[in-house]
Number of protein chains: 2
Amino acid sequence: MVQQVDGARRAPLNRDRVLRAAVALADNAGIETLSMRNLAQELGVVPMALYKHVANKEQLLDGMVDVVVGEIDPPVSGTDWKVGIRQRILSARKVLLQHPWASRVIESRPQPTPVVLDYLNSIVGMFRAGGFSVDLTHHVMHVLGSRVWGFTQELFPASPLPADPEKQEAMFHEMAGRYPHIAEIAMAAAHDEASVVGHSCDDQFEFEFAVDLLLDGFERLHEQGWTSTNRS
Amino acid sequence: MVQQVDGARRAPLNRDRVLRAAVALADNAGIETLSMRNLAQELGVVPMALYKHVANKEQLLDGMVDVVVGEIDPPVSGTDWKVGIRQRILSARKVLLQHPWASRVIESRPQPTPVVLDYLNSIVGMFRAGGFSVDLTHHVMHVLGSRVWGFTQELFPASPLPADPEKQEAMFHEMAGRYPHIAEIAMAAAHDEASVVGHSCDDQFEFEFAVDLLLDGFERLHEQGWTSTNRS
DNA sequence: ACCTGAACACCGTTCAAGT
DNA sequence: ACCTGAACACCGTTCAAGT
């Protein structure tokens, strides 16, 4: 009778509790802190106890992705394909922003889980319901890529700037000298919001801009009756 | 005089030799096999000897990315922005396909190296030379995202099918039942090339389709005189 | 001053011993 | 039959001892 170290009676471990604890740990402490050992400790359990509920760490990560994907809003029925898909993707984005580790983990999964396939299947279905051909739907899904999950690969990850304004200035000058074109667009963006290189982008605007450009492109191809043999 | 275990006189270690050996090891044995210890062994050297040439494993990965990015063709001068950028990106793709680990490693870098910034700077410069506004260039770079490196996030990673054709059939039926829309597009693609779910996509076609859709969209915005305050 | 073996603080997971 | 401590086979990196 020494199994409860911290006095509180613990609910019996199950897969769901393990996954939720893993998500919480990744949210709070970062994905790099998530180890089977740390997770076990968090749950007041010996590391090997986890292996009763998840086969290994890979399955743990799969399960964590399922938890996150489960938070995405269900499709809104009775809407145009374009606004419906747009809403769904922006809902996915909202969820992803609450779990900053999730985009990276989604990308790392070698095999999609049923939950992931369900989500993708429903998005595919929304294009089909909007009248898209099987062929075109296939290709636009590829074009959407990871954006169906609400994220974009960041080309210029936001890097914390040196606090010292003098060093900031030096850094900026070096940028402008070596990478004039990058400096130019960074400058222009910074203008908008009293900000500087690296902190300058309104990520939500960039994301919506990209999604809308893609959806508009898809619409145009659809209206033109695009087929893979009749490439216009 | 016992330092040369394998008899052959080894060239003195330097950063370049370390990076090239790391790239070769990742190419041949997979990125998961690349450890400081394995790399050292490959070079006939004690693990700690590597730390004279790279500060740590993160810097090693940065250096490996630089080697790969260095293989991308320089810009072809005297062309239209659209074909120039298209060529450059397809060249990047060719390089990336020779180093399957590289896309994942590029994505994982928290800070871009000078070599990476040079490449991005040159792409930005190609848009600017094509007459794109600073503003529009900024946003289209975000839309391009990881595609400037020649890769797309795969939504359905090619999964090896069970060799047993009976199991294949069972798998297919389950797919068609649970994920009818996915099954439908997978089926259609498979039709084209006597292939099956998961092996069905012509990745090069999908990539070029996406890049062309994006470049066409960019061109349209440019011609329409798009600005972020005058969103059409 | 340079080089490097041993050690440290971790991993995920196996396995056999204990209940 | 179930549970779990110790052990295994790894990591990246520090550090002190050896030359």
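- Counting heavy atoms from C-beta outward, A:Arg20 and A:Asp16 have side chains that approach closer than 4.5 Å.
- Note on B:Arg178 versus A:Asp118: salt bridge recorded, some NZ/NE/NH1/NH2 to OD/OE distance being below 4.0 Å.
- Using a 4.5 Å heavy-atom cutoff, the side chains of B:Leu120 and B:Ile123 are not in contact.
- By the 4.0 Å N-to-carboxylate-O rule, A:Arg109 lies close enough to A:Glu58 to be salt-bridged with it.
- Here A:Arg86 pairs with A:Glu208 in a salt bridge; the nearest charged N to carboxylate O distance falls below 4.0 Å.
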Scoring nucleotides 7-19 of chain D by protein non-hydrogen atoms under 4.0 Å (B base, S sugar-phosphate only, - none) yields B---BBBBB----
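- There is no side-chain donor-acceptor pair under 3.5 Å between A:Gln153 and B:Arg147.
- D:dC3 and C:dC15 have their C1' atoms separated by 13 Å, given to the nearest Å.
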Output the pairing pattern of DNA chain D as a dot-bracket string, 5' first, Watson-Crick or G-U wobble with both distances under 3.5 Å, | for cross-strand pairs, [ ] for crossing pairs. ||.|||||...|||||.||
Could you walk me through whether A:His99 and A:Asp27 pass the side-chain hydrogen bond (donor to acceptor under 3.5 Å, both in side chains) test, one step at a time? CA-CA 6 Å; A:His99 307 288; A:Asp27 286 347; 2.8 Å; yes
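- Environment of CD in A:Glu166: sparse, with no more than 12 heavy atoms of neighbouring residues, nucleotides or ligands closer than 6.0 Å.
- Aromatic ring centroids of B:His142 and A:Phe207 lie 6.0 Å or more apart.
- Using a 4.0 Å cutoff on non-hydrogen atoms, no part of residues 22-32 of chain A comes near DNA chain D.
- To the nearest 0.5 Å, the span separating CE on A:Met187 from CZ on A:Phe172 amounts to 4.5 Å.
- Comparing the same atom, C1', in D:dT13 and in C:dT13 gives a spacing of 23 Å after rounding to whole Å.
- Between B:Lys52 and C:dC3, a side-chain N or O to OP1/OP2 separation shorter than 4.0 Å is present.
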